[in-house]
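To keep things clear, I will list the structure first and then write my remarks on it.
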Amino acid sequence: MSAAMETKLHLAQGDLHNHSVTDLAALLRARKVSAVEAAQHFLSRIQSHTNLGAFLSVDEDATLAQARAADARLAAGTAGALEGVPLAHKDIFVTRDWPSTAGSKMLSGYRSPFDATVVSRLKDAGAVNLGKLNCDEFAMGSSNENSAQCPVGFIAPEPVKNPWDLSRIPGGSSGGSAAAVAARLTPAATGTDTGGSIRQPASFCGITGIKPTYGRASRYGMIAFASSLDQAGPMARTAQDCALLLSTMCGPDPDRDSTSLDLPAEDFSRQLNDSLEGLRIGVPEEFFGEGLSTDVRAAVDSALKTYEKLGAKLVRISLPRTELSIPVYYIIAPAEASSNLSRFDGVKFGHRAAQYTDLGDMYQKTRTEGFGDEVKRRIMIGTYVLSHGYYDAYYLQAQKIRRMIAADFQQAFQRCDLIAGPVAPTVAWKIGEKSDDPVANYLADIFTLPASLAGLPGMSVPVGFGANAMPVGMQLIGNYFCEGQLLNTAHRFQLETDWHNRKPAGV
Ligand code: GLN
């Protein structure tokens with residue numbers, strides 16, 4: 001090898017964590033760096049940043065085995081679209097070679113006999129798994145303070161830290177994913193979004209994330225929270241990377257998830273670089289009311305101005321039931337959770353109480369010990385709203401309003417092509433600040449819940465910094481199946497701005 005080539009290789013390696021997924025895939029394909037070198041680079045970053053609490057499990061041997069297999073395919077010329085690219089999975093996805101805990105004590109040490117469909121699709125494209133990422137227990141939360149699992153480097157459960165300010169939460173429930181991408185411990189991660197869990201942590205950590213239309217990505221092997229809302233999506237630094245990853249993650253899975261859509265896999269990068277000239281961006285007045293902090297508003301307003309410069313037109317719209325999305329979601333999601341979590345009874349999965357007198361006692365002790373406070377709260381709410389006598393008053397009523405929320409969006413989309421607004425009312429708060437107040441956490445979900453209830457695609461794009469120099473994300477919501485257009489709208493913004501390239505001090 002020539003001296004010049006060696007220097008290039010050296011530069012590429014020392015700097016690998018600063019490359020996007022798109023660049024890394026190209027470097028790997030050109031054999032400028034090997035999959036094993038890339039995996040080693042990120043594994044060593046994970047080890048030197050355990051203070052963030054982002055990872056719940058790493059297994060160097062399993063990662064390097066995948067990397068060696070990727071190198072063999074690269075050498076043989078049979079490489080997939082993501083061959084050798086390292087990434088990491090939220091611990092809500094089951095994986096055969098790593099433990100799968102959903103952040104719950106209930107699943108401590110659980111090993112799945114199979115990979116989730118999203119995990120196997122990424123693996124089939126050549127991606128190399130770096131490990132499993134911390135999250136709120138069963139994805140219930142907005143701050144990642146609800147994880148009952150002990151992160152790598154700790155001996156007891158520990159909240160994930162926001163890399164921009166270690167005294168603050170990274171958001172949730174995909175908080176480990178967002179913190180790891182922001183700290184460049186992995187070029188990208190998977191997340192899941194039931195009521196905002198991709199968009200809100202992406203916003204709080206200054207990265208990009210997308211939740212596709214409900215049904216785009218298979219839920220098979222995603223440990224269920226609220227099945228009519230749960231969706232998987234990628235979290236990365238750029239919209240371009242999200243497009244590449246989403247194209248691999250989505251696709252029909254009729255034998256395993258009956259709600260997966262019967263649509264052919266799509267290349268979401270296809271529309272990148274479409275002009276925004278004449279694009280009608282709907283700005284919902286309900287997203288800019290009193291509840292929105294002035295710093296977040298300023299960053300979002302300035303992003304909207306950038307869009308106007310790019311040729312888009314802003315259209316004032318109304319989503320009149322925005323506020324109702326909180327009670328509706330916090331009836332429907334717990335109702336579904338109470339049903340989904342009934343499978344954790346100590347018989348088939350994970351934890352079982354050590355001592356009990358009879359079967360009933362075994363169920364009770366197992367569930368008392370295995371579930372955390374927030375999960376128990378939701379099981380109680382869910383059981384209550386589904387019970388005879390309250391079903392009509394709460395659950396059925398919530399279902400009706402859910403339909404109206406979806407209809408409000410369709411009315412709005414007659415006047416605009418996509419919708420823009422804040423992801424969350426404030427920037428990331430301090431660890432512990434809201435941990436004793438579940439309702440305060442629920443209220444902070446106000447802007448992400450409507451799109452979730454309607455099953456629409458939504459994303460978060462970094463648009464600046466607010467109070468305490470914390471990142472602010474803008475939410476873009478598209479109509480059904482318009483992920484390509486959403487990603488392009490975010491991509492064009494990222495060509496104009498460099499918020500997505502900023503990195504926390506010390507990273
Ligand atoms: N914060 C919401 C909740 O606690 C959303 C969580 C999610 O999307 N998984 O339910």
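Residue numbers count from 1 along this sequence.
In this structure, F93 has no ring pair (Phe, Tyr, Trp, His ring centres under 6.0 Å) partners at least two apart in sequence or on a different chain. Qualifying salt bridge (Lys or Arg N to Asp or Glu O under 4.0 Å) partners for R502, counting only residues two or more places apart in sequence or in other chains: D498. Scanning for side-chain hydrogen bond (donor to acceptor under 3.5 Å, both in side chains) contacts around S247 gives an empty result, with sequence neighbours left out. Scored by the salt bridge (Lys or Arg N to Asp or Glu O under 4.0 Å) test, R216 finds E266, E483 as partners (sequence neighbours excluded). Under the ring pair (Phe, Tyr, Trp, His ring centres under 6.0 Å) criterion, Y480 pairs with no residue at all, not counting sequence neighbours.
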After noting the C-alpha distance and the side-chain angles of K90 and S173, does the key distance pass the side chain to side chain donor-acceptor pair (under 3.5 Å) rule?
CA-CA 9 Å; K90 182 178 183 179; S173 64; 2.8 Å; yes
Is there a side chain to side chain contact (heavy atoms under 4.5 Å, CB included) between L166 and L52? Walk through the geometry before answering.
CA-CA 8 Å; L166 302 183; L52 292 172; 3.6 Å; yes
Take I281 and L418 through the test side chain to side chain contact (heavy atoms under 4.5 Å, CB included) and record every step on the way to the result.
CA-CA 5 Å; I281 299 183; L418 54 85; 4.1 Å; yes
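You'll find the side chain of H89 stays beyond 4.5 Å of the side chain of W98, heavy atoms only. Annotation: side chain of Q485 is in contact with side chain of L279 (closest heavy-atom distance under 4.5 Å). Contact annotation: the side chain of P170 never approaches that of F204 to less than 4.5 Å [non-hydrogen atoms, C-beta and beyond]. Contact annotation: the side chain of I46 never approaches that of V152 to less than 4.5 Å [non-hydrogen atoms, C-beta and beyond]. In this structure the side chain of R219 reaches within 4.5 angstrom of the side chain of Q231, judged on heavy atoms. A heavy-atom distance below 4.5 Å is not found between the side chains of V94 and V119.
Considering CD1 of I419 and CZ of F409, their distance stands at 5.0 Å, rounded to 0.5 Å. Rounded to the nearest 0.5 Å, atoms CG (L133) and CG (L56) are 7.5 Å apart. In this structure, OG1 on T117 lies 3.5 Å from CG on D253, to the nearest 0.5 angstrom. The distance from the OG1 atom of T194 to the CD1 atom of I92 is 7.5 Å, given to the nearest 0.5 Å. With rounding to the nearest 0.5 Å, the separation of CG in L27 from CG in L16 is 7.0 Å. Separating the OH atom in Y329 from the OH atom in Y442 is a distance of 9.5 Å, to the nearest 0.5 Å.
Between N162 and the choices S143, S167, C205, the side-chain contact (heavy atoms from CB on, under 4.5 Å) rule is met once, by C205. Evaluated for a side-chain hydrogen bond (donor to acceptor under 3.5 Å, both in side chains) with R199, the options T208, T448, D193 yield exactly one hit, D193.
Annotation: Q494, atom CD; neighbour count of heavy atoms from other residues, nucleotides and ligands within 6.0 Å is above 12.
The two residues T186 and L87 make their nearest non-hydrogen contact at OG1-CA, 3.3 Å. Nearest heavy-atom pair across S174 and P201 is O-CB, 3.8 Å.
In terms of modelled atom types and a separation under 3.5 Å, the side chain of K161 and the main chain of P159 share a donor-acceptor contact. At least one donor-acceptor pair under 3.5 Å links the side chain of R111 to the backbone N or O of D97. With hydrogens and angles disregarded, a donor-acceptor distance shorter than 3.5 Å links the side chain of N488 to the backbone of N273. The main-chain N or O of P422 is found under 3.5 Å from a side-chain atom of Q475 such that the two form a donor-acceptor pair. Checking side-chain atoms of D230 against main-chain N and O of A226 turns up a donor-acceptor pair under 3.5 Å. No side-chain donor-acceptor contact under 3.5 Å links D91 to the backbone of N134.
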For residues 176-184, which side-chain N or O atoms pair as donor and acceptor with protein atoms under 3.5 Å away, sequence neighbours left out?
residue : atom : partner : partner atom : Å
S177    : OG   : T190    : O            : 2.9
R184    : NH1  : N18     : OD1          : 2.9
R184    : NH2  : N501    : O            : 3.4

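Between H17 and F42, the ring planes are perpendicular. Angles over 60° get that label, and only those under 30° would be called parallel.
Counted by atom type alone, Q240 and S269 present zero donor-acceptor pairs between their side chains at under 3.5 Å.
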